2 protein chains.
Amino acid sequence: MLSTGHYLILSSLSRNGPESRSELALRLGMSKAAVSSLVRDLLKQEILCEQAPVHGSGRPSVPLAVRAEAAWFIGISLQDDPAIVVLTDLHGTVHDRMELPRHADLETCVSSLCEAITYLRRGPRSAKVSGVGMALPGFVANDRQTCLACAALGWRDVDIGGVLSKRTGLPTWIENDANALILGEQLFGALRGSPDFSVIFISNGIGCANIVNGRLLRGYAGGAGEMSHAPIVTDMAHALPCRCGNRGCLETVASLLAIGNAARRAGLPGDIAELARLAAGAHPEALSILHHAGASMGLATAHLIQLIDPSHVVVMLDPNLRDGIYGHALLRETESHILRRPASRSMIDFRDFEPDSFACGAASLAARYFIFGPDGV
Amino acid sequence: MLSTGHYLILSSLSRNGPESRSELALRLGMSKAAVSSLVRDLLKQEILCEQAPVHGSGRPSVPLAVRAEAAWFIGISLQDDPAIVVLTDLHGTVHDRMELPRHADLETCVSSLCEAITYLRRGPRSAKVSGVGMALPGFVANDRQTCLACAALGWRDVDIGGVLSKRTGLPTWIENDANALILGEQLFGALRGSPDFSVIFISNGIGCANIVNGRLLRGYAGGAGEMSHAPIVTDMAHALPCRCGNRGCLETVASLLAIGNAARRAGLPGDIAELARLAAGAHPEALSILHHAGASMGLATAHLIQLIDPSHVVVMLDPNLRDGIYGHALLRETESHILRRPASRSMIDFRDFEPDSFACGAASLAARYFIFGPDGV
DNA sequence: GGTCAATATTTCATATCATGAACTATATTG
DNA sequence: CAATATAGTTCATGATATGAAATATTGACC
């Protein structure tokens with residue numbers, strides 16, 4: 001069994017990349033003796049490995065790294081249809097994947113997922129698969145087991161975590177899709193280790209999550225990051241009703257669904273790629289719709305930046321939108337509404353929608369437990 | 001010297017109020033033996049005291065409490081002119097206070113403050129004064145010593161903490177005014193121990209700070225909570241220029257200064273109390289100005305709630321505004337733009353502006369160190 | 001090539017700290 | 001008064017981190 005000390009080492013190596021025993025001791029404020037002994041255990045258990053020595057003056061230091069093959073994880077995304085199930089290693093690399101229809105019926109859903117999991121666990125790795133994570137578009141209880149509400153699947157108070165855990169015999173964690181995404185980014189992604197950043201994704205809906213002080217910002221009722229229903233259109237003459245009951249929410253103008261609807265209302269094609277092509281050809285209505293959507297998104301992003309002050313905002317969206325007037329309006333509107341920062345670089349990183357992002361984030365939920373331990377250092 | 005264990009006990013008692021040794025052991029997950037021994041030390045050092053036994057069945061339990069007189073703190077507010085200096089005990093009760101002119105000149109400012117501190121430290125308490133905290137309207141560096149920028153005082157990169165510390169011989173912490181306010185509320189106030197809440201104050205400027213996951217949300221560059229420059233007026237025909245260089249910021253419509261300016265532009269008195277009186281008498285222009293200001297404040301508050309999801313939002317403002325159309329518009333606009341929560345109670349707590357709030361918050365910065373220890377448990 | 005200085009890592013006796021079990025203390029209840 | 005229940009203490013024990021000294025492994029310099 002691993003102790004708190006072991007987990008400290010593991011999480012530091014995972015966050016900060018390979019480091020020698022001496023560097024670890026310095027960073028963690030522990031004695032070299034303690035680190036040495038803890039590392040010995042982790043090497044014996046083949047969780048860490050030694051890398052090629054680094055030569056300086058004096059005895060070379062031996063960087064220690066987390067072994068990718070030390071543990072494997074299953075990640076499930078119900079964010080969209082089809083559902084995606086992946087098998088990742090401890091570095092978040094996907095080694096195998098499956099797509100299957102997303103079933104709303106709990107029993108059908110669980111059986112098809114379990115079948116996929118059994119398939120992905122085949123072979124010698126089986127014993128080292130350490131947990132399952134699931135991302136879904138909805139609210140999840142604090143126990144990270146129960147889905148409190150999921151409009152897309154029609155679920156209410158569904159103990160999907162408990163059921164999966166019982167059927168697979170593996171510990172299981174459930175998360176909201178945006179939260180899973182940012183937790184994956186924090187553990188595996190380019191922004192690994194950054195203590196303050198945000199992720200926004202724009203698809204049929206709009207999702208947002210924030211890491212602050214190195215931890216996920218959940219809020220009092222788990223509703224933090226609900227950018228999607230930010231009151232953006234305040235001119236009530238133009239505010240559209242939203243499914244949440246209010247009017248003028250961000251998602252009524254800036255989501256793919258909203259853009260498609262607006263286009264159809266104007267007699268244009270509802271398909272995003274086609275609409276973007278029209279806009280690129282200077283079609284005035286298409287330009288207007290996409291500009292309004294992008295600027296609204298930018299305004300909401302400015303609110304986010306002013307309130308939360310992240311170091312980066314990762315924005316995942318369709319390349320057609322990113323490269324056209326939507327992306328341009330988003331950037332311009334954001335930057336014109338935030339206080340000038342000393343670093344003049346843009347803090348917005350566009351990123352393509354990659355199909356496995358959510359499933360990877362889901363797998364990271366289980367990996368997190370392996371790396372940070374039961375107390376979540 | 002106190003160990004981590006001692007600070008665990010101290011912070012638990014401070015957060016959760018008096019508890020017996022057994023209750024502490026349960027809450028902190030420590031053995032009764034450990035708690036017993038740690039408490040013994042703290043009693044001997046007169047940091048804790050035993051309260052009257054509570055009788056149940058079996059041996060009565062002895063609640064332990066933090067002794068208010070165990071330590072004293074100096075709190076300085078430069079939030080407004082005059083500056084305020086208070087002496088508080090470990091419970092945040094003000095025992096003595098002084099007001100003095102707020103000097104922009106560093107040397108004059110420091111000398112007058114030191115004089116006040118010397119005066120407040122007179123008498124037998126002197127030895128138990130453990131630290132100094134200061135709140136000022138500006139940006140503070142991460143070391144909590146240097147004021148990076150303060151428009152009201154014209155300061156830039158002023159090591160006010162270092163100077164005060166050297167002159168008084170006491171450890172000193174500097175904070176932004178809103179941050180000091182919320183940290184005081186977290187340590188001493190009614191919301192003590194709540195892990196997710198926000199504080200907004202409305203005076204000549206607008207300040208905001210948030211506690212999330214039990215910690216202050218500072219953001220990447222210390223700029224979190226900058227609600228004051230949230231882009232609220234998006235209709236550029238009506239957006240007023242703001243001192244930050246943008247247009248339509250919240251503070252150009254909702255701050256006392258902005259309200260006064262708007263009133264004067266309309267040929268009305270700039271004084272808030274008088275304006276409120278006119279509005280109460282149904283003066284249409286006064287009503288319009290105050291409604292617009294309050295609704296703007298409410299819109300920004302809705303953004304805050306949607307993004308951060310606090311359990312409470314404490315709003316400190318002039319009673320004249322709270323009880324009139326401003327407060328009403330603020331509440332209505334906020335509630336009409338947030339997702340319905342299961343608990344239908346309002347999450348907004350109005351509170352009067354009390355003159356010593358900021359100085360008390362400042363004192364809490366030093367008290368925090370005494371209670372949580374150097375590692376800030 | 002040999003020696004020295006520099007740095008990394010390990011060893012080990014020791015100090016610290018929390019624990020569990022047994023014990024003591026002090027109440028209520030009948 | 002005995003039985004019962006809960007609070008708090010004592011103490012031997014075990015786990016864990018520590019500091020200092022020893023060992024290991026290199027580059028630099030003569």
Side-chain angles (χ1 to χ4, degrees), chain A residues 1-13 16-67 372-375 377, chain B residues 1-13 16-67 372-375 377:
Chain A
M1 210 60 276
L2 299 185
S3 76
T4 314
H6 293 117
Y7 285 118
L8 271 174
I9 304 248
L10 251 180
S11 19
S12 173
L13 288 176
N16 310 115
E19 282 188 311
S20 72
R21 296 168 175 79
S22 298
E23 290 165 322
L24 278 171
L26 198 67
R27 183 191 290 279
L28 300 174
M30 308 167 74
S31 65
K32 293 187 289 171
V35 171
S36 191
S37 134
L38 293 169
V39 163
R40 193 191 349 265
D41 303 339
L42 292 170
L43 285 173
K44 184 171 299 173
Q45 293 187 45
E46 298 190 304
I47 294 171
L48 298 186
C49 60
E50 297 188 322
Q51 294 187 331
V54 172
H55 294 251
S57 66
R59 175 172 173 176
S61 64
V62 182
L64 300 160
V66 179
R67 279 189 64 231
F372 295 156
D375 303 329
V377 177
Chain B
M1 210 58 275
L2 300 184
S3 74
T4 313
H6 294 115
Y7 285 118
L8 271 175
I9 304 247
L10 251 179
S11 21
S12 172
L13 289 175
N16 311 114
E19 284 188 311
S20 72
R21 294 168 178 78
S22 300
E23 289 165 321
L24 278 172
L26 199 65
R27 183 190 290 278
L28 300 175
M30 308 167 73
S31 65
K32 291 189 296 171
V35 172
S36 192
S37 134
L38 292 168
V39 163
R40 193 193 347 266
D41 303 339
L42 292 169
L43 285 172
K44 184 171 299 170
Q45 293 188 43
E46 297 190 304
I47 293 171
L48 298 184
C49 61
E50 298 188 320
Q51 294 188 330
V54 173
H55 295 251
S57 67
R59 177 172 171 175
S61 65
V62 182
L64 300 160
V66 178
R67 280 189 64 230
F372 295 156
D375 304 327
V377 176

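For clarity, every value in this text was computed on a predicted model and none was experimentally measured. Every chain is numbered from 1 and lettered A, B, ... according to where its sequence line falls, protein lines coming before strand lines.
Between the CE atom of M30(B) and the C1' atom of dA7(D) there is a distance of 17 Å, given to the nearest Å. Atom C1' of nucleotide dT10(D) and atom CZ of R40(B) are separated by 9 Å, given to the nearest angstrom. Rounded to whole angstrom, the span from the NE2 atom of H6(A) across to the C1' atom of dA17(D) amounts to 13 Å. Distance L26(B) CG to dT19(C) P: 13 Å, rounded to the nearest Å. Look at CG on L2(B): it is 11 Å from P on dC17(C), rounded to the nearest Å. Atom NE2 in H55(A) sits about 15 Å away from atom C1' in dT9(C), given to the nearest Å. Summarising the geometry, the separation between CD on E19(B) and P on dA7(D) is reported as 12 Å, rounded to the nearest angstrom. For the pair R27(B) CZ and dA7(D) P, the computed distance is 15 Å after rounding to whole Å.
Each of V39(B), D41(B), I47(B), L48(B) was checked for a side-chain contact (heavy atoms from CB on, under 4.5 Å) with H6(B), and the lone residue meeting it is D41(B).
Nucleic acid contact for S31(B): base, since at least one base atom lies under 4.0 Å from a heavy atom of the residue. V39(B) comes within 4.0 angstrom of no nucleic acid atom, judged by non-hydrogen atoms across all strands. Across all strands shown, V62(B) has heavy atoms under 4.0 Å from sugar-phosphate atoms exclusively, and none from any base.
Taking the side chain of S61(A) as heavy atoms from C-beta on, and the options dG8(D), dT10(C), dA8(C), the nearest nucleotide is dA8(C). When the nucleotides dC17(C), dT10(D), dA17(D) are ranked by their closest atom to the side chain of A34(A), dA17(D) comes out on top. Looking at the side chain of R21(B), the nearest of the listed nucleotides dG8(D), dT19(C), dT10(D) is dG8(D).
The base of dA27(C) has none of its N or O atoms less than 3.5 Å from a complementary donor or acceptor on the side chain of R59(B).
Nearest-nucleotide assignment on DNA chain D puts the 5′-proximal partner with L38(A), out of L38(A) and G56(A). Between E23(A) and K32(B), the residue anchored closer to the 5' end of DNA chain C is E23(A), taking for each the nucleotide with the nearest heavy atom.
Contact check, S20(B) against dG8(D): a side-chain N or O comes under 4.0 Å of OP1 or OP2. The side chain of S22(A) contributes an N or O atom lying less than 4.0 Å from OP1 or OP2 of dT9(C). When the side-chain nitrogen and oxygen atoms of S36(A) are compared with OP1 and OP2 of dT10(C), one or more of them lie within a distance under 4.0 Å.
The distance from atom CG of L26(B) to atom NZ of K32(B), rounded to the nearest 0.5 Å, is 11.0 Å. The CD1 atom of I9(B) lies 10.0 Å from the CD atom of E19(B); values are rounded to the nearest 0.5 Å.
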- Taking it one step at a time, do E50(B) and L64(B) satisfy side-chain contact (heavy atoms from CB on, under 4.5 Å)? CA-CA 5 Å; E50(B) 298 188 320; L64(B) 300 160; 3.8 Å; yes
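Closest non-hydrogen pair, L2(A) versus Q45(A), comes out as CD2-NE2, 3.6 Å.
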